[in-house]
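Take a look at the structure set out below.
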Amino acid sequence: MTDLHDTARGTAPDTVAAAPVELDAAARDFTVTLRELAWTIHYRVPDRASVPSTELTLLKQIIDKPGSTVGELSAALNIRQSNTSTAIRSLVSRGFAERVPDETDKRVVHIEATELGVMEHLEIAHAWAAGLDSAVASLSPAQVQDLMRARDALQALERAIRKV
């Protein structure tokens, strides 16, 4: 079986274009570990999630950036506009989002989360956190402390990634 860390170190194209950065082996191994962690968390959708992962991602972006257009959402998530439109149609049909015409330019439509969409997102987020809680509880006290000490740096990294 192929080690995912070895595969991730390969030259497969990233979904986000970025200038190449030289890292030492330890730092590169750390970034690969973060990627694998993010991937695992993202795809371990809790049973509570009645919404496909693309729609969950889009719903979170709509909540984080209310009033975005389809084009803005597509660009922010690096998703084809046609796929974004399809997912928005599904979110609207479920009552999780709504289309709001621009007040000055009726050709422009903004996407807003509904109260139901926000509640669904929060319930899924709590279910996801419960799974993470179980995983963290399975770690040694020293490992939990290591993770807690890294919290500020990880939050700064998350903010830096959002800026890219």
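Just so we're clear, the structure is a prediction, and the values are computed from it rather than from any experiment.
Contact record, H110 with T69: ND1-CG2, 4.1 Å, taken as the closest heavy-atom pair. Of all heavy-atom pairs between A113 and I62, the closest is N-CG2, 3.4 Å. Scanning all heavy atoms of the two residues, the minimum distance from I63 to G117 falls at CD1-O, 4.2 Å. Closest of all the heavy-atom pairs between E103 and K106 is O-NZ, 3.7 Å.
The cluster map of Ile, Leu, Val, Met, Phe, Trp and Tyr, joined by side-chain heavy atoms under 4.5 Å apart, puts V136 and L34 in different clusters. There is no path of hydrophobic side-chain contacts, each under 4.5 Å, that joins F30 to L147. Linking Ile, Leu, Val, Met, Phe, Trp and Tyr residues whenever their side-chain heavy atoms come within less than 4.5 Å places L37 and L132 in a single cluster. Hydrophobic clustering, with ILVMFWY side chains joined whenever heavy atoms are under 4.5 angstrom apart, keeps F96 apart from V100. Cluster membership for L154 and M148, using ILVMFWY side-chain heavy atoms within less than 4.5 angstrom, is not shared.
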Self-check item: Test side chain to side chain contact (heavy atoms under 4.5 Å, CB included) applied to R99 and R89, step by step
Solution: CA-CA 9 Å; R99 293 179 178 91; R89 272 193 300 279; 3.2 Å; yes

Self-check item: From CA spacing to verdict: side chain to side chain contact (heavy atoms under 4.5 Å, CB included), T84, L77
Solution: CA-CA 9 Å; T84 302; L77 298 173; over 6 Å; no

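Between atom NE2 of residue H126 and atom CD of residue E123 there is a gap of 8.0 Å, rounded to the nearest 0.5 Å. Expressed to the nearest 0.5 Å, how far CD1 of I88 lies from OG of S74 amounts to 7.0 Å. Atom CG of residue L73 and atom CG of residue N78 lie 13.0 Å apart, to the nearest 0.5 angstrom. Between the OG1 atom in T40 and the CZ atom in R35 there is a gap of 8.5 Å [rounded to 0.5 Å].
Salt-bridge annotation for R94 and E55: present, with a side-chain N of the basic residue lying under 4.0 Å from a carboxylate O of the acidic one.
No more than 12 heavy atoms of other residues, nucleotides or ligands lie within 6.0 Å of CD in E115, so this atom counts as exposed by the packing criterion. Atom CZ of R80 has 12 or fewer neighbouring heavy atoms from other residues, nucleotides or ligands inside a 6.0 Å radius.
Proximity of T31 to R28: side-chain heavy atoms (C-beta onward) are separated by under 4.5 Å at one or more points. Using a 4.5 Å heavy-atom threshold, the side chains of Q61 and E72 count as separate. Looking at heavy atoms from C-beta onward, N83 lies out of side-chain contact with T54 at the 4.5 angstrom threshold. Residues L58 and I111 are not in side-chain contact: their nearest non-hydrogen atoms beyond the backbone lie 4.5 Å or more apart.
Using modelled atom types, one side-chain atom of T114 and one backbone atom of G95 make a donor-acceptor pair closer than 3.5 Å. Put simply, the side chain of S134 gets close to the backbone of A130: a donor and an acceptor are under 3.5 Å apart.
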